[in-house]
Amino acid sequence: MTEPLSAQYDPAAIEAPLYREWEERGYFHADAERVNAEGRDPYVIVIPPPNVTSVLHMGHGLNNTIQDVLTRWRRMQGREALYLPGTDHAGIATQNVVERLIAGEGLTRDDLGREQFVERVWDFVDRTGTTILEQLRSIGCSCDWTRTRFTLEPDLSRAVREVFVRLYEKDLIYRGNYIINWCPRCLTALSDEEAEPEETAGRLYHIRYPVTGTVSSDMPRLPDGRPFITVATTRPETMLGDTAVAVHPADERYTGMIGGRVMLPLADRELPVVADDYVDPEFGSGVVKITPAHDPNDFELARRHDIPSVNVMTPDAAMNDSVPERFRGLDRFDARRAVVAELEELGLLERVEEHVHSVPHCYRCHTVVEPRLSEQWFVRMKPLAEPALAASRNGRVRFTPDRWTKVYDQWLENIRDWCISRQLWWGHRIPVWYCRNPGCGHVMALREDPTSCPRCGGSELEQDPDVLDTWFSSWLWPFSTLGWPDETADLKAFYPTHSLVTAPEILFFWVARMIMAGYEFMGDAPFTDVYLTGTVRDTQGRKMSKSLGNGIDPLEVVSLYGADALRYTVISSVGFGTDVYMDPDNLDASFGPGRNFCNKIWNAGRFALMNLGDEPVQTVDAVAADLELADRWILSRLDAASADVTRSLEAFRFHEAAEGGYHFFWGELADWYLELIKPRMQDRENAASREAAKATLVHVLDGAMRLLHPIMPFITEALWQRLPAPAGTAKEESLVIGHWPLSSGRDEEAEASMNALMELIGAIRTLRSEYNVPAGSRIDVRLTGQGAALQGALAAEARAVHRMCRVDAIRESAREGGGDVGAHAVLRNGADLFLPLAGIIDVEQERQRLGRELERIEGQLRGTEARLGSDKFTARAPADIVAREREKAESLRDQRSRLAAKLQGLG
RNA sequence: GGGCGCAUAGCUCAGUUGGUUAGAGCGCACGGUUCACAUCCGUGAGGUCGGAGGUUCGAGUCCUCCUGCGCCCACCA
């Protein structure tokens with residue numbers, strides 16, 4: 001049926017075939033009917049869709065492993081589990097990739113024209129868009145690939161359009177002016193993410209604006225007698241677009257001027273003086289020039305005070321016709337020089353300061369971004385935010401770690417309208433048409449493309465050239481992927497979904513908006529739990545990124561260490577809500593332990609299978625009467641581990657789930673149970689004992705593989721498939737659809753006995769090590785005063801214990817009247833342990849060795865104490881040196897007493 | 001500037017509502033190849049839990065302040 005386990009653990013040999021088998025057998029497919037008709041409990045995760053152009057990085061590795069662990073675990077619990085995959089069309093990112101591509105052919109998008117360019121992008125996406133989904137397979141993600149979605153596919157585009165029109169009809173979408181980031185070289189709008197702030201050495205120009213309105217007597221005056229105020233700016237050329245100056249309402253220096261007027265130099269326009277909290281009285285002169293068309297803050301302020309805007313630049317950032325003629329056509333930086341020179345000439349330039357500040361640059365061409373006023377589409381967010389806020393407050397949506405709840409609430413409480421239009425070609429075209437009939441001018445948002453104007457019947461219709469923000473399709477993802485706006489069986493079965501696993505960076509962009517859309521269009525939250533992962537960083541704490549070149553390629557890790565090692569590593573690195581640190585230059589440090597664990601599982605499995613042989617194995621129930629202490633103990637520990645891992649997963653404590661499985665398998669099953677049953681496995685004399693051990697071994701291995709399967713699906717399946725089914729039981733087809741271990745109860749008595757026994761073995765090993773007892777020599781151990789638990793345990797497991805600490809016998813007998821030499825220890829339960837060492841080690845030699853050691857320590861201690869006893873030393877030496885000496889003395893005294901005790905034991 | 005978080009072994013981190021002796025992995029030291037595994041086994045060293053106060057019978061855990069890092073948001077014209 002299945003091949004035996006190879007001598008060497010080789011992940012590459014098992015992973016791909018197993019994944020293919022799982023996928024072919026349809027284990028990952030979720031069936032809506034089983035939920036809708038049979039009443040099975042669903043469990044749903046929709047993937048945060050990666051950019052269609054992206055390749056797998058460690059962040060995906062972390063994220064999707066967590067999602068897969070949750071999915072696999074719930075699937076094993078009997079839920080109808082759906083892990084729904086897909087990709088995002090990622091407007092700007094994708095358009096840029098293709099623009100770079102055609103630049104290689106010497107083409108720009110304008111050369112191609114909109115239609116042809118978009119076709120090129122589709123070509124590209126069709127060819128490369130499944131890369132990342134393939135990569136998710138290689139880390140074992142159990143996605144239902146029959147439901148793969150893409151945000152720009154026709155069904156989802158229909159959802160986007162339906163949503164736009166509905167919101168438009170509810171008057172929740174409107175058109176308005178907004179300052180955007182504009183690259184004057186690329187001639188395109190940039191998202192906030194693409195405008196990269198950079199510390200730049202600039203200048204702060206202090207410019208005098210003559211006051212024409214109300215004047216107080218103590219105001220400074222120009223040489224010609226005119227009073228003035230000083231404003232500070234880093235971009236003097238924009239003053240030509242000033243439409244006001246502003247002061248803080250509580251700034252006593254200027255209260256008298258509020259409502260007054262100043263004269264804008266060079267342009268000779270009068271500007272009003274307004275008061276606004278935005279102004280920081282501490283900065284510069286406390287007076288701000290207001291240029292609404294070229295600064296987002298000024299724009300907001302102007303909106304509050306109903307101040308007009310004057311745009312003074314062309315798209316390529318030259319001065320336009322709104323400025324005095326002598327500046328027209330000058331590039332913005334030439335204009336800056338000209339403006340400054342003229343101000344200086346007029347005596348209006350008070351001073352210039354060096355000023356380092358952060359300036360946004362175009363991430364593509366590094367040109368300084370110019371804020372620019374333009375007309376954009378917006379969503380009114382307040383009405384949508386209310387139910388989303390209620391959802392976190394009433395617990396319908398829970399955030400893990402909990403602290404994110406506050407962050408989420410704060411953002412929603414101060415929500416601002418959402419600018420959804422983008423000046424791009426790749427994306428969902430805004431479904432708005434303008435009637436160009438001069439007498440009509442109707443604006444319409446439509447579900448179907450119009451052929452004529454419904455108002456005037458005219459046929460000169462023009463569609464809005466812009467596309468929608470990428471997030472305008474992603475915020476519908478949890479239900480658009482299930483078939484909305486149709487009422488599908490999938491929607492009925494799988495909405496709302498359950499866990500959303502994503503990075504905190506997109507809490508606002510995406511998570512909050514999905515919750516709003518869920519309530520608005522489905523009447524319920526889109527998921528019940530939001531798990532925010534940490535960020536994957538390098539050892540210097542820098543975020544892993546392609547541009548920094550400090551990334552780790554998950555596929556490289558898979559090929560070097562295996563997918564299971566990768567998964568184990570990321571899962572066990574996920575502290576509760578903390579970032580994940582990995583060293584790109586030392587993969588072994590990060591992934592070695594995971595690989596070693598896999599190796600341990602593999603070898604323990606091989607050992608078990610070798611010993612089990614081909615004979616039928618009994619169920620644990622069938623051999624219940626013959627179970628020995630070790631058997632009862634490991635069964636109880638399996639139960640503890642199951643409860644532990646289950647509890648950890650329920651609380652999204654992945655680190656603990658991984659540690660729990662690891663500790664049970666390695667620290668208890670492999671280190672202790674396998675060692676304890678070695679003598680029994682091939683025992684021909686005592687069949688009952690042998691069969692009890694085998695039955696228990698199969699049972700606990702089966703349980704351990706189940707517990708570890710969500711985290712390490714491949715190796716656990718490979719081993720599990722080869723485990724024999726106990727007589728009279730039917731084996732499940734695969735662990736993927738196998739059941740999660742259920743609690744069967746603890747055996748406190750067995751655990752207490754085993755704990756005592758393990759302590760005894762540890763103590764004997766310690767003494768052997770400390771007294772340099774040669775590994776080969778066997779000794780008799782004497783034990784007195786042991787409790788019933790230990791006594792029983794010793795009787796039950798004598799053979800194994802003797803083997804495990806290389807003793808011939810453990811007798812109940814006291815050390816005889818001081819005559820014996822040997823090593824001595826007291827156990828926690830009060831039992832007294834004595835290892836006679838006469839004839840085992842050269843006692844005299846050991847005594848001399850210890851004696852020399854003791855002398856050496858005492859010598860050092862004398863020196864140290866002498867120093868500490870000297871007033872000169874304690875008074876004059878630096879405090880940290882004195883402290884170090886004290887520490888040293890403490891440690892030396894410690895060593896001395898231990899050595900003395902040992903020597904005493906030797907006679 | 002506003003908000004949030006972190007500080008525990010040489011390194012990376014656990015430590016659940018306060019409660020026996022603060023744990024793990026890696027690294028380090030010593031000893032081990034008897035046939036599951038040297039990607040292993042055994043043993044050990046190493047911690048005034050960032051600092052100072054406070055609450056308490058009891059504080060790594062709760063409170064206040066300080067110091068040093070990190071992140072998010074808004075960014076000072």
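Atoms considered below: every heavy atom in the structure, side chains included; atoms not considered: hydrogens, waters and symmetry mates. Please read these numbers as outputs of a predicted model, since none were measured by experiment. A, B, ... follow the sequence lines: proteins, then strands. Residue 1 opens every chain.
Following rounding to the nearest Å, Asn772(A) (CG) and A29(B) (P) show an atom-to-atom distance of 18 Å. The nearest whole Å value for the distance from the CD1 atom in Ile571(A) to the P atom in U12(B) is 22 Å. To the nearest angstrom, C1' of C26(B) lies 10 Å from OH of Tyr662(A).
Below 30°, between 30° and 60°, or above 60°: for Trp411(A) and Phe508(A) the angle between ring planes is below 30°, a parallel geometry.
Looking at Asp417(A), its side chain does come within 3.5 Å of a backbone N or O of Met381(A) through a donor-acceptor pair.
Counting any heavy atom pair closer than 4.0 Å across all strands shown, Asp671(A) reaches sugar-phosphate atoms only and no base atom. Residue Val288(A) is in base contact, counting any heavy-atom pair closer than 4.0 Å across all strands shown. Counting non-hydrogen atoms under 4.0 angstrom, Lys289(A) reaches nothing in the nucleic acid. Within 4.0 Å of Ala604(A), counting heavy atoms only, lies at least one base atom of the nucleic acid.
Distances shown here put a side-chain N or O of Lys600(A) below 4.0 Å from the OP1 or OP2 atom of C41(B). Residue Asn297(A) places at least one side-chain N or O closer than 4.0 Å to OP1 or OP2 of C76(B). At C13(B), none of the side-chain N or O atoms of Ser573(A) fall inside 4.0 Å of OP1 or OP2 (strictly under the cut-off).
If you find the closest nucleotide of RNA chain B to Ile761(A) and to Ala608(A), the one lying nearer the 5' end belongs to Ala608(A).
A 4.5 Å side-chain heavy-atom check between Asp242(A) and Val310(A) finds every atom pair outside the cut-off.
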- Message: Apply side chain to side chain donor-acceptor pair (under 3.5 Å) to residues His802(A) and Asp808(A) and explain how you reach the verdict.
- Response: CA-CA 6 Å; His802(A) 294 172; Asp808(A) 282 330; over 6 Å; no
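For Trp404(A) and Tyr408(A), the ring centers sit 6.0 Å or farther from each other.
Among the nucleotides A77(B), C4(B), A36(B), the one closest to the side chain of Lys678(A) is A36(B).
In a base pair of the Watson-Crick type (N1 to N3 plus N6-O4 or O6-N4) or a G-U wobble (N1-O2 and O6-N3), with each distance short of 3.5 Å, C35(B) is matched with no nucleotide.
Donor-acceptor pairing under 3.5 Å, judged by distance alone, is present between the side chain of Glu675(A) and the base of A36(B). Residue Arg803(A) places no side-chain atom within donor-acceptor reach of the base of U34(B), judged by atom type and a 3.5 Å distance cut-off alone. A donor N or O paired with an acceptor N or O is found under 3.5 Å between the base of U39(B) and the side-chain atoms of Arg595(A).
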